[in-house]
Structure formats: C-alpha cells, structure tokens
2 protein chains.
Amino acid sequence: MGSWRPATINLVATRAGVSRATVSRVMNGKSSVAPELAARVHAAAAALEYRPSIVARGLAGGRTSTVALVVPDLANPLFQGILRSLGQAAGRASHRLLVAESNEDVAAEIEMAREARRRCDALVLCAPRMSAEVLAQLAPELEPLVLLNRAVPEVRSPQVTVDYAAGIRDLASHLEGLGHSRLAYLSGPATSASNALRLHALHELTDAGRIQLDVLPCGPSFADGHAAAGAARESGSTAVVAYNDLVALGVLSGLHELGVRVPEQMSVVGFDDIPFSAYSTPTLTTATVPTDEIGEHAWARVKALLDGSPVPADLRLRPRIVVRGSSALAP
Amino acid sequence: MGSWRPATINLVATRAGVSRATVSRVMNGKSSVAPELAARVHAAAAALEYRPSIVARGLAGGRTSTVALVVPDLANPLFQGILRSLGQAAGRASHRLLVAESNEDVAAEIEMAREARRRCDALVLCAPRMSAEVLAQLAPELEPLVLLNRAVPEVRSPQVTVDYAAGIRDLASHLEGLGHSRLAYLSGPATSASNALRLHALHELTDAGRIQLDVLPCGPSFADGHAAAGAARESGSTAVVAYNDLVALGVLSGLHELGVRVPEQMSVVGFDDIPFSAYSTPTLTTATVPTDEIGEHAWARVKALLDGSPVPADLRLRPRIVVRGSSALAP
DNA sequence: TTGTAGGCGTTATCAG
DNA sequence: CTGATAACGCCTACAA
C-alpha cells in the first residue's frame, strides 16, 4: 500500500456517474439536486472518504475560511485571551485561525500582517506599538481588517478597543474613595499606547485636583514591579497603581520582602485580572479586560465584513473593577 | 478608485515582456534567468507590488508553507509555551501556524486534526486524552505528523515527549532526601495520560518500599487544589505532590487558610513551573517542562518530514527540578 | 535560457 | 435540474 492520495471531486463524479458540477452542488448544499443523484454522490463521497480541498476551494472561490491574527506577544495574557476567544468564535463558524507573533517588533509586524492577510480571508490585528500614521497607510491593503485594542480614527476598518482610561479612572476613584489622596503610578513601556492612555487619565485626575500623583518608571513585568517596590514605598504615596497585574504582583512581592504590609500600610491595584490575581496573597484588586468579549465582537465584525452585511459599530469595552484584598482604607 | 485587485503573475509577465514561467523562475530564484530579464521582472513586480498568491502556490505546488497545531487547551501554560516556541521556529523558516483548540473534546480533536491537516503541509498534534488505538488508526491519514507530549509506540510518526515519570521521580527523591517518607499525591483528571504516568512512577517508588503514598482525587485546577488542601492535611503525609503547579498553588492557598505553614509543617511541590510559581509565597518547588525545546524539536521534525531529509530520533525530554521555598525538611 | 502548455481541485457561468 | 467549460494564480515538465 503506497502513499494514499486523497480523493478528488473528479473521482467522486466518476464514481457517482455525474459531473463535477453536480458533486460540487451536493457538497455545498447549493441549488437543489435530484434526490437520487444526491444520494449517489453522497454514497460515492463516503466510500472514497472524499473531503473537498480547502486550498483548491480557496483558489476558486476566493475564500480560505481562515482568518489571521497578528499579536505582539503571546506571553501576554491579554493576547492569549483574545486568541482563545477569537479562535473559538471563528471555529464555531467553521473558520480557522492563523496566528503570528511579532515579538513587539513593529517592522516585522507590518510584514507579518501583509503576508498573513494574503493567505487568509481577513486579518485581526493587535498592534499596540504601531504608529497611527503607519497604521492608517497600511490599513487599506489589509482589508478586510479588524483592529483590536487600539483606536485609530484615521482607519475606516472596524475597531474593538478597551477603555483603559475609564478603567484607570475607576481604579483611582476606588482608591480615592478609600481615602488615598496620593497615588504612585508604576509606568509601563514608554512606547506603549495603552500606557500613555493610563497616564493621561491619571493626569486628568490630578489636573482636576482630586489626587496627587507620583509617576515612577517601571516596565511591564513582574521583575520590574518587584524592583520598583522600594521606590513606591519611598514615594510618599499610600497606594500604588501598577501598569498591569504582573507589575502589581511584583510590587506585592517586593513590598512583602521590605516588610510593608498590604493593604494595611499601602494599597496596590493592578490591571488585567490575570488568573493568579484572584489567588495571590493578598488577592489583587484590579480591572478585568473582557478578552472573551473582544474575541467575540472581533469575530462578529470579521463575519460581517466577509458576508458584506452591516458591520457593527466600533466598540469601546469598559474594564470592570474587581475589588479584592490588596486595597483598603488609607492608613 | 474602486477596490484594488492584487497583481497576478500574468500582469507582471506582460509588463516585463516575458512569459509567466520566467516570472515564476525569477520569483523563486530557481534555474538561472538572464540578468537583464530578471531585472525587468523585478522592476515590474516592484512597480505592481506583486506578491505571489500563497493559495495558488499551494494548489499548484502542494505546499502551503503552513503547519497546523492542535492542542486540547490554550489556557494551559504548557500548550501556550509549545504554541509560542513552535510558532517562532516555524516563522524563522517562513512558515505560519494554524492553531486549533479542541477544548479537551476528543471527538472534536479528531475532526480538527483531520481538517487542519488538509489545509496545511503538516500537523503537530497534542492529544493527551486520545486513546492509543484511535491515535494509531488516525495517524497515517494525518501524515506528515509530529506527536507531542505523548508516547505512542504504535505510531510511526516522530514524537517529542516529556518524561513525566522521571520528573515525578526526581521530585519524590528530592522530598525523600528531605526526610519525607509519606507523600500525598493530588491526582489530576482520570483520563489524563500524563496523570497516569505520574501515578505509575510514584507507585514504583512505593513498591520499592521507599515511600508511603496517599492518592487523593483532585483535578487540574487551582480551585481543585484549593479544595483538596484539607484532605491533604488529614492524610497523614508530610508532603504534597500536586498534579501540576496550578493545583500546587491552590494547595498553598488552601493550607494557608487552614493555618498550615509551608514548608515548616508541610512541603508542597508542583509540576510545570508556570511563570507565577517563582513568585508565590512561598515560592514553589516544581519541575520545569522545557516547552521551548519541545517547539524547537517539533519543528525540526516537521521540517525533516517536509524536506524528505532524515528525521531526528524520537525525543524524551526530562523535566528539570527547580527547588524553591515550598519544600523543606520534614517536621 | 526561455516560452508553451497542461494541470492542481473547486467553483461559477452558461447553455441545454 | 444537469453538464460542459472557463476561470482562479501558479508551478513545472517539455520543447524550442
């Protein structure tokens, strides 16, 4: 038994004594076919274990039933969540996901987006670092395109974004309500758009005279947060707002080592609600980014684009505050 | 300006005043072409922003430069790690990854594997739950195939597996060396092959009279571990071997709530070394599964299969013990 | 070295 | 309702 070649539509047609066109019609359930012929086709297809070639179908019909997802970093729970939910949603509609990780490299990201798009029906792009100009210029050739986690007015493609500003405001308000009037913000990567948004939202609160703010350079990782614990303690603030949960958990760990009790002596809040935040000691007050919804909504837009049906309006998802053990009344 | 159609090889050929064959040759760097013609082709291609259609190329040449990865659960750090490293390795060779998640559903897994394979050049399959019989029967039609995280002698395809037994043995030996003679094993899902391996390895140690073992039914999640903390304490064992890190961290949390100090009163070890294990309180002693290497080696085998070159021998990666703060001398 | 022609497996358009 | 026939975009003998 040599290497087995998959059955083609031609074989099935011959075996069933019909034309390829009829086989195609039967397989696709399109325009009605005489019951008897249909039965013969089904029988032949089953006997031959025939499966239409997705590749050939892609060439002929221009649809690959595949959508591409380009993300900067698959180690990030946010993108992992998006990957999962988008994959599930697409899967339910019999579409597959092609995933490409750019490793935060914008140049690579551009090339990957171009290339990934060419072999798929649509592209879902998460490009937090890409400049609006580049994105605006690139977008047209990437269509059908859905932009995630990033609002770019210059781009006509549907966008599903996260209202980080509102999330941070809610977090700050929560702390304010607990009597904290001076907050330390552990800043993420300087090039991060979402970091800029967070910072901007915080500055608005200081401008409104509601809080005092210490901005401490930090980074996006646990280690960064851990290293910044000392600076946070020295800052004179009574609460720490971390760039994300990883950083917050790092701060928790760092403060613990420094003998600073959380939340008694200092409150800490994160952002993202990664799985462990519910289980750290103390458990972490944070804001949840609804990645499930992002994927779901992203898929709805992809589908609309592909079907030519009305595309749902752009969405700005508001993170939900999750109050846990790391925040309490100011000392 | 209506919707723009991507340039085809025909357009380039016409523009350059050559035949399609010549354009094809130039684009693929195959058999030498007169420098002047090549220059014309390059110029035309550049002017038209021509990019060969990957889909058409796939149909004609039978290569899609895409490989499929099927995993049971993308929430699992193990598979996330494999996804990342495999994706990176494939990417370096200009291949893309099609990812499909079966949600632990074996029936769905079978269908996904079949389907995913048909649209790609090869399949990398992680199917911890699939029976050896089914797998053996399915494998031939899935080739070129690389099996991950699962040793199945009946299958001829290359396999990269993890020696969980050795990992567990090393962990148990570590505890034994600390004076623990009675261990509680928090068992994972009954259908999990890796769980069976862990259990088997542990039983060998009891059969050898080296340790006493309490097997406690548990599960694979943090919540399962948390819930099992009480049972672990009552078991009479002085150390807990958890099915994985998630469970171990859950136990840590549960024991903390019960007022049991770790590692003073009880030692706890996990398995996987997920990112957070280095930062929990106490930090978790565990065993690292080298996901980076898995992806790397898996890709090497995929490539060999596709190139028709000699396929590297099957690999059994041994986890590396990481001793941290959750294990200490028996009380 | 270059061009011609046929084929990859489907779908879609027309006749009949 | 069914069957030729022409795309789809590219690759690859085979010929010249």
Side-chain angles (χ1 to χ4, degrees), chain A residues 3-42 44-45 48-66 94 115 117-121 306 308, chain B residues 3-42 44-45 48-66 94 114-115 117-121 306:
Chain A
S3 71
W4 190 72
R5 310 271 304 177
T8 71
I9 197 174
N10 245 324
L11 276 180
V12 177
T14 305
R15 179 75 117 76
V18 299
S19 70
R20 290 176 313 202
T22 297
V23 176
S24 176
R25 283 189 275 257
V26 172
M27 298 308 295
N28 297 308
K30 301 283 187 182
S31 83
S32 73
V33 176
E36 190 203 306
L37 284 197
R40 293 220 308 263
V41 169
H42 279 129
L48 269 36
E49 295 184 319
Y50 168 68
R51 299 281 173 193
S53 154
I54 296 118
V55 178
R57 183 176 278 179
L59 218 210
R63 328 221 99 176
T64 60
S65 54
T66 304
S94 300
E115 202 265 357
R117 167 61 189 82
R118 292 185 53 74
R119 61 205 308 161
C120 299
D121 299 339
L306 294 180
Chain B
S3 72
W4 189 73
R5 310 267 303 175
T8 71
I9 196 174
N10 245 324
L11 275 180
V12 178
T14 305
R15 178 74 116 76
V18 299
S19 71
R20 292 174 312 192
T22 298
V23 175
S24 174
R25 285 190 271 258
V26 171
M27 297 309 294
N28 297 309
K30 300 285 187 180
S31 86
S32 71
V33 175
E36 189 204 308
L37 284 197
R40 292 221 308 265
V41 169
H42 278 129
L48 269 36
E49 295 184 323
Y50 168 68
R51 297 281 173 195
S53 155
I54 295 120
V55 177
R57 182 176 277 180
L59 218 210
R63 324 225 101 175
T64 59
S65 53
T66 304
S94 301
R114 277 211 183 91
E115 203 264 357
R117 167 61 188 82
R118 293 183 54 75
R119 63 206 308 165
C120 298
D121 299 339
L306 294 180

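By convention in this document, chain letters (A, B, ...) are assigned in the order of the sequence lines, proteins followed by strands, and residues within each chain are numbered from 1. What you are looking at is a predicted structure, and each value in this text was computed from that prediction instead of being measured.
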Asks: Counting C-beta onward and ignoring hydrogens, is there a side-chain heavy-atom pair between A:Glu36 and A:Arg40 closer than 4.5 Å?
Replies: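 They are in contact (side-chain heavy atoms under 4.5 Å apart), so the answer is yes.
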Asks: Check the distance between C:dG9's P and A:Met27's CE and give it to me in whole angstrom.
Replies: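 The distance from CE of A:Met27 to P of C:dG9 comes to 15 Å, rounded to the nearest Å.
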Asks: Return the CZ to CG distance between B:Arg15 and B:Asn10, rounded to the nearest 0.5 Å.
Replies: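 Rounded to the nearest 0.5 Å, the CZ-CG separation comes to 14.5 Å.
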Asks: Between C1' on C:dT10 and CG on A:Leu11, what's the gap in Å once rounded to a whole number?
Replies: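 Whole-Å distance recorded here is 14 Å.
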Asks: For the helix from C:dT1-D:dA16 to C:dG16-D:dC1, figure out the bend between the end axes, five pairs an end, and round to 10 degrees.
Replies: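 Between the axes fitted at each end of the helix from C:dT1-D:dA16 to C:dG16-D:dC1 lies an angle of 40°.
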Asks: Quickly work out the A:Arg119 CZ to D:dC10 P distance and round it to whole Å.
Replies: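 It works out to 14 Å between those atoms.
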Asks: Go through the side-chain N and O atoms of B:Ser65 and B:Arg57 and say whether any donor and acceptor fall under 3.5 Å apart.
Replies: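 Absent: no donor and acceptor within the cut-off.
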Asks: Would you mind telling me which residue lines up with the more 5' stretch of DNA chain D, B:Val23 or A:Thr22, judged by nearest nucleotide?
Replies: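 Its nearest nucleotide being more 5', the pick is A:Thr22.
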Asks: Tell me the interatomic distance from A:Arg20, atom CZ, to C:dA12, atom P, rounded to whole angstroms.
Replies: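 For the pair A:Arg20 CZ and C:dA12 P, the rounded distance is 14 Å.
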Asks: In whole Å, what is the span from the CG atom of B:Leu59 to the C1' atom of C:dT11?
Replies: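 From B:Leu59 CG to C:dT11 C1': 12 Å.
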Asks: Looking only at non-hydrogen atoms, find the nearest pair between A:Ile9 and A:Val23 and report the distance.
Replies: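 In terms of heavy atoms, the two residues are closest at CG1-CG1, 3.5 Å.
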Asks: Answer with yes or no whether B:Arg25 presents, from its side chain, a donor or acceptor under 3.5 Å of a partner atom in the base of C:dG3.
Replies: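 Answer is yes: a donor-acceptor pair is held.
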Asks: Indicate whether OP1 or OP2 belonging to D:dA4 is found under 4.0 Å from a side-chain N or O atom of A:Ser19.
Replies: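 So the side-chain polar atoms of A:Ser19 never come under 4.0 Å of the phosphate oxygens OP1 or OP2 of D:dA4.
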Asks: With a 4.0 Å cutoff (strictly under), does any side-chain N or O of B:Arg57 reach OP1 or OP2 of D:dC11?
Replies: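 Yes, B:Arg57 has a side-chain N/O under 4.0 Å of OP1/OP2 on D:dC11.
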Asks: Under 4.0 Å: is that the gap between some side-chain N or O of A:Ser53 and OP1 or OP2 of C:dG9?
Replies: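 No.
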Asks: What's the CD1-C1' distance between B:Ile9 and D:dC11, to the nearest Å?
Replies: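 Taking CD1 of B:Ile9 and C1' of D:dC11, I get 8 Å after rounding.
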Asks: May I ask you to decide if B:Ala38's main-chain N or O and B:Arg25's side chain share a donor-acceptor pair within less than 3.5 Å?
Replies: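 Not confirmed, B:Arg25 side chain does not pair with B:Ala38 backbone.
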Asks: How many whole angstroms separate atom CG of B:Leu48 from atom P of D:dG9?
Replies: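 Spelled out: CG on B:Leu48 to P on D:dG9 is 14 Å.
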Asks: What nucleic acid atoms does B:Ala34 come within less than 4.0 Å of, heavy atoms only: base, sugar-phosphate, or nothing?
Replies: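 Sugar-phosphate, no base atom in range.
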Asks: Atom CG of A:Asn10 to atom P of C:dG7: distance rounded to whole Å?
Replies: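 Checked: the CG to P distance equals 11 Å.
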